[in-house]
2 protein chains.
Amino acid sequence: MGTAYGQFCPVAKAMELLDERWTMLLVRELVMGSEHFNDLRRGLPRMSPSLLSKRLQQLVRAGIVEKRVDGTDVRYLLTPAGEELRPVVEAVGAWGARWIGEIGDRDLDPKLLLWDMRRNIVEEATPPGRTVVELRFPELRASQRRWWLVIGPDEVDVCDDDPGHEVDLVVTTSLRTLTQVWMGLGTWDQARGAGQITVDGPAALRRALPGWLALSTFAHVERGPHVVRV
Amino acid sequence: MGTAYGQFCPVAKAMELLDERWTMLLVRELVMGSEHFNDLRRGLPRMSPSLLSKRLQQLVRAGIVEKRVDGTDVRYLLTPAGEELRPVVEAVGAWGARWIGEIGDRDLDPKLLLWDMRRNIVEEATPPGRTVVELRFPELRASQRRWWLVIGPDEVDVCDDDPGHEVDLVVTTSLRTLTQVWMGLGTWDQARGAGQITVDGPAALRRALPGWLALSTFAHVERGPHVVRV
DNA sequence: CGGTATCCCCGTCGATACTG
DNA sequence: CAGTATCGACGGGGATACCG
């Protein structure tokens, strides 16, 4: 790992493992349930594959992650020690949600947002059969303007080009608005009331939408004054 | 801070502030109550003063630390946002105490151990007047072999050379044993029973010692299998 | 899908010295 | 006590290409 701190303190020893760039975010992805290399990549799009590979090896060596190979299927699973990092990730995320000020445009990413949303969709609350939701961010450049969530009976897909299915719901908003709603800063209904989100489609589907589109893990953290600059 | 992650996730935004080397340990020192530059240095002896200065400035800019200058007196205090990092430090330390395997010889440091002990001494439980405890680590080289804790009526001093006062108690042990007791791996009495610690001096003082020499903040964490290698 | 290999730059950090 | 100044190396990590 990084150079040792030369301290016996448990905080120091733990941070020798955790303070390298990307490591905590990788642990976050594992805690959130991603197991495959390319799924981890989707949650960490700015991390190079070689660095992801290196970090995974470090965590395996440390005893935090188990690499389970089953034929062609490779999974990275948290060991019990790794699973117990969940409270650490939660404490960090709760602090961030509570104190970090407004996020910059550089931190908005439609692909990442959709991927996060995908992970939290409440399958039991989705309509039977297949539901296709199109998301439109008119302010973005063409290649990032339209996205599709294909909520099948058994799985959810995120597409950045038209999957060809008939669209059931069209959500039009700004990327910032949807990100903020997802993070729990203002509610879906507030944003709709303010005209910042419009939803087109059958009334039943529109009403049901907030029921299965669960928000971020940290959406319900009680907020502080958001004074921290980062 | 370090390069941005380009993610809106609160974990990512928080780690942009916290994942640089030394930062979490500096926050630990502040959470533990150190306020002066040179006190912070004592808790972070391998950190260069310029880097400490830089990190403090970063934390001040971020809104986590307040630099309060009062004449010649300079103090670094946690803001409310910084104070709320305490649960993060505790989660990290608890995880480390529970899972990190045996610490290496490189992580043992008598000066740091005594400084940590000094901070946790229960002043109300110390004997009235001045008590001088000499600690002996026979296995260390001469310059690190003898230490003195001078527990005055109002303050506690750590000395690495003879303060000249009459010594009330002499504790002889190995640095590793004392560090492990301090961290909660085995008790004072167990170590004494095993002949790994001897205490010489008046019986009343010997009996009282464990009462005012409080252990590490993380000594009472329930331990796991200590399988993590770092 | 699941990674490795390579290359090179730039920034961090460590070391040391020095000052008000 | 409370820091700044300087400087060099080293290696982390970003980018890119490529393989099984």
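Just so it is clear: chains get the letters A, B, ... in the order the sequence lines come, proteins before strands, and each one is counted from 1.
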Carefully, step by step, assess A:Gln58 and A:Arg61 under the rule side chain to side chain donor-acceptor pair (under 3.5 Å). CA-CA 5 Å; A:Gln58 288 176 315; A:Arg61 253 188 291 125; 6.0 Å; no
Return the value, rounded to whole Å, for the distance between atom [atom1] of [X] and atom [atom2] of [N].
X	N	atom1	atom2	result
A:Gln58	D:dG11	CD	C1'	13 Å
B:Arg55	C:dG11	CZ	P	15 Å
B:Arg46	C:dT16	CZ	C1'	17 Å
B:Leu52	D:dA5	CG	P	15 Å
B:Asp39	D:dA2	CG	P	8 Å
A:Asp73	C:dG2	CG	P	7 Å
A:Met47	D:dG12	CE	C1'	12 Å
A:Asp70	C:dG2	CG	P	12 Å

Select base, sugar-phosphate, or nothing to describe what A:Arg42 touches, counting heavy atoms under 4.0 Å on all strands. sugar-phosphate
Does NZ or CZ of A:Arg98 fall inside the cone over A:Phe218's six-membered ring, less than 6.0 Å from its centre and within 45° of the axis? no
Does the ring of B:Trp22 carry B:Arg55 above it, NZ/CZ under 6.0 angstrom from centre and within 45° of its axis? no
Candidate pair B:Arg176 and B:Ser174, rule side chain to side chain donor-acceptor pair (under 3.5 Å), full reasoning: CA-CA 5 Å; B:Arg176 177 172 290 277; B:Ser174 71; over 6 Å; no
Looking only at side-chain N and O atoms, does B:Arg21 come under 4.0 Å of OP1 or OP2 in C:dG14? yes
Nearest to the B:Trp22 side chain among C:dC1, D:dG14, C:dG14, which nucleotide is it? C:dG14
With respect to the side chain of A:Leu51, which nucleotide from C:dC13, D:dC1, D:dG14 is positioned closest? D:dG14
Find every protein N or O atom lying less than 3.5 Å from an N or O atom of nucleotides 3-10 of chain C, and list the pairs.
residue: C:dG3; atom: OP1; partner: A:Lys67; partner atom: NZ; Å: 3.1
residue: C:dG3; atom: OP1; partner: A:Tyr76; partner atom: OH; Å: 3.1
residue: C:dG3; atom: OP2; partner: A:Tyr76; partner atom: OH; Å: 3.0
residue: C:dT4; atom: OP1; partner: A:Gln57; partner atom: NE2; Å: 3.3
residue: C:dT4; atom: OP2; partner: A:Ser53; partner atom: OG; Å: 2.2
residue: C:dA5; atom: N6; partner: A:Ser50; partner atom: OG; Å: 3.3

So do the side chains of A:Met117 and A:Trp182 get within less than 4.5 Å of each other, counting heavy atoms only? yes
Could you work out, with side-chain contact (heavy atoms from CB on, under 4.5 Å) as the rule, every residue matching A:Asp154, not counting sequence neighbours? none
Closest approach of B:Gly43 and B:Leu112, non-hydrogen atoms and distance? O-CD1, 3.6 Å
